[in-house]
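Here the structure comes first, spelled out in structure tokens, and everything after it is commentary.
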There are 2 protein chains.
Amino acid sequence: MEKIELETVCIPVSVIRRLPRYLTEAQRLCQEGVEWVSSAILAKTLGLTSSTVRQDLSYIDFKGISKRGYSAIGLETALARTLGVDRDVVCLLVGAGNLGRALSMHEGFARQGFKIVGVFDNNPAIVGKKIGRFTVQGMDDIAPHVAAGTVDIGIISVPHDAAQDVADLLIKAGVRGLLNMTTAHLQVPETVSVVDVRILLSLRELAYRVRSR
Amino acid sequence: MEKIELETVCIPVSVIRRLPRYLTEAQRLCQEGVEWVSSAILAKTLGLTSSTVRQDLSYIDFKGISKRGYSAIGLETALARTLGVDRDVVCLLVGAGNLGRALSMHEGFARQGFKIVGVFDNNPAIVGKKIGRFTVQGMDDIAPHVAAGTVDIGIISVPHDAAQDVADLLIKAGVRGLLNMTTAHLQVPETVSVVDVRILLSLRELAYRVRSR
DNA sequence: TAGATTGTTAATCGATTAACAATC
DNA sequence: TAGATTGTTAATCGATTAACAATC
């Protein structure tokens with residue numbers, strides 16, 4: 001009785017967080033016409049050790065070559081495949097305050113394959129208003145939008161106290177990934193992924209570090 | 001020959017990152033009139049284990065009480081003192097694109113003690129324009145501004161390729177802490193602290209996690 | 001008092017780094 | 001060939017979790 005091992009190697013979260021940075025750097029190197037890059041150079045550029053770089057890259061389906069290093073193009077291709085960069089990621093944005101507005105108008109995201117397809121807010125004074133190329137929609141419009149099944153990610157940029165309700169609503173509608181821009185901790189079922197971007201907490205961390213010297 | 005131990009306990013970065021979250025929660029509890037909170041409840045609310053909570057809180061100058069837990073007010077006070085929340089943190093913002101504009105107009109930061117005192121950009125088409133209550137200044141105005149010695153933090157929200165130059169300029173002017181909103185890795189001397197907020201990388205991480213299920 | 005909850009020590013877990021044989 | 005650089009294993013480091021005596 002043999003076991004067929006379906007080599008779906010699980011990539012640790014710590015590595016996943018760095019892969020996009022290698023991709024960005026590989027793209028840059030390709031643009032500049034650089035053909036080969038060593039783990040030592042990559043490490044220097046990204047603030048890592050060469051050991052970490054080699055460990056990380058061992059997770060993707062791509063091999064370097066002794067004495068030469070990694071092919072920039074090969075690296076870019078393999079990382080893009082691993083991260084699924086070829087396909088657009090469809091996002092909904094909830095919360096049309098200053099931050100939400102900035103995110104919805106940020107061309108950088110669209111250029112990198114993150115397409116915002118709807119902006120929502122619960123404030124009647126804002127609903128119906130134009131923000132860049134979007135017309136702000138009410139919260140009731142979220143569910144039908146998600147129902148189409150094309151939405152990958154919900155971006156939450158509402159006040160702290162509204163965050164959990166918005167998360168619940170998005171999850172109920174079927175969204176499986178949340179980018180949490182609030183200071184709240186979101187309680188979600190196992191099937192849903194959350195990544196936190198907490199600018200205020202980062203500022204506090206920084207303030208502490210600057211002062212304690 | 002005795003050694004006098006100056007108990008300046010160094011708080012690990014992992015703990016520092018969580019302290020602001022305890023503070024936010026303690027403030028909320030106080031507002032709601034809650035007097036006592038246990039490590040188990042705090043853990044539940046913040047998505048941690050009670051063990052982690054007790055370990056973390058052991059670093060601040062404040063003790064809980066067996067059977068009752070932590071006094072919400074005492075916790076708030078001690079955390080505020082540890083994090084230096086009483087004093088305003090003075091920030092400069094460099095890069096008046098969508099993101100920079102949003103940050104400069106975000107009242108939440110000011111309310112939490114982070115005062116932006118100047119917005120700068122190298123684009124002559126933007127310099128002199130009004131953004132909220134700010135008039136965008138040119139890059140040459142940064143150095144004299146910092147020279148006054150009151151600036152704690154520089155916030156960098158410029159394109160990837162300009163990030164390092166801006167960091168160098170801010171550091172040369174005397175800034176000791178940088179909030180990096182770009183995808184670039186900043187090379188800085190040991191005396192300077194950097195905290196990264198990389199929204200695009202967070203989006204990529206999330207996209208990967210949503211897809212690999 | 002009995003029981004709940006802390007503070008702290010020890011055990012576990014995972015991530016990073018070091019080391020080195022394989023190899024181009 | 002000699003030397004540089006990879007891929008991978010083993011060692012280290014640090015963070016998280018478990019356990020439990022102290023204690024209110």
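Naming convention: chains lettered A, B, ... in sequence-line order (proteins, then strands); numbering from 1 in each chain.
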Over how many whole Å does the gap from [X] atom [atom1] to [N] atom [atom2] extend?
X: B:Y59; N: D:dG14; atom1: OH; atom2: C1'; value: 10 Å
X: A:L48; N: C:dT16; atom1: CG; atom2: C1'; value: 10 Å
X: B:I60; N: C:dT8; atom1: CD1; atom2: C1'; value: 16 Å
X: B:I65; N: C:dT6; atom1: CD1; atom2: C1'; value: 10 Å
X: A:K67; N: D:dT1; atom1: NZ; atom2: C1'; value: 10 Å
X: B:R54; N: C:dT9; atom1: CZ; atom2: C1'; value: 12 Å
X: A:L57; N: D:dG7; atom1: CG; atom2: P; value: 8 Å
X: B:K63; N: D:dC24; atom1: NZ; atom2: P; value: 12 Å

* Please determine if B:D152 and B:R87 form a salt bridge, counting it only when a charged side-chain N lies under 4.0 Å from a carboxylate O. => yes
* Asked: Using 4.0 Å as the upper bound for N to carboxylate O, is an ion pair formed by B:E205 and B:R209?
  ->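 A salt bridge is present here (some side-chain N lies under 4.0 Å from a carboxylate O).
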* **Who pairs with C:dC24 - Watson-Crick or G-U, where each distance is under 3.5 Å** =>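 Its partner is D:dG3 (Watson-Crick or G-U wobble, both distances under 3.5 Å).
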* Structure fact -> Across every strand shown, the nucleotide meeting Watson-Crick or G-U wobble geometry with D:dA15 (both distances under 3.5 Å) is C:dT12
Once you apply a heavy-atom cut-off of 4.0 Å, does [X] come out as touching a base, just sugar-phosphate, or nothing?
X: B:S39; result: sugar-phosphate
X: A:S51; result: base
X: A:R18; result: sugar-phosphate

Check whether any side-chain nitrogen or oxygen of [X] sits under 4.0 Å from OP1 or OP2 of [N], and answer yes or no.
X: A:T49; N: C:dT16; value: no
X: A:S14; N: C:dT16; value: yes
X: B:S66; N: C:dA4; value: no
X: A:Y70; N: D:dG7; value: yes

* **Exercise: do B:R198 and B:T183 side chains pair donor with acceptor under 3.5 Å** =>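 No, because no side-chain N or O of B:R198 sits under 3.5 Å from a partner of the opposite role on B:T183.
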* Asked: Could you walk me through whether B:S193 and B:L178 pass the side chain to side chain contact (heavy atoms under 4.5 Å, CB included) check?
  -> CA-CA 6 Å; B:S193 295; B:L178 298 175; over 6 Å; no
* Asked: Run the side chain to side chain contact (heavy atoms under 4.5 Å, CB included) check on B:L46 and B:L48 step by step: do they pass?
  -> CA-CA 6 Å; B:L46 299 179; B:L48 307 166; 4.0 Å; yes
* **hbond_proxy B:Q55 side chain to D:dT17 base (donor-acceptor, 3.5 Å cutoff)** =>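 Such a pair exists between side chain and base.
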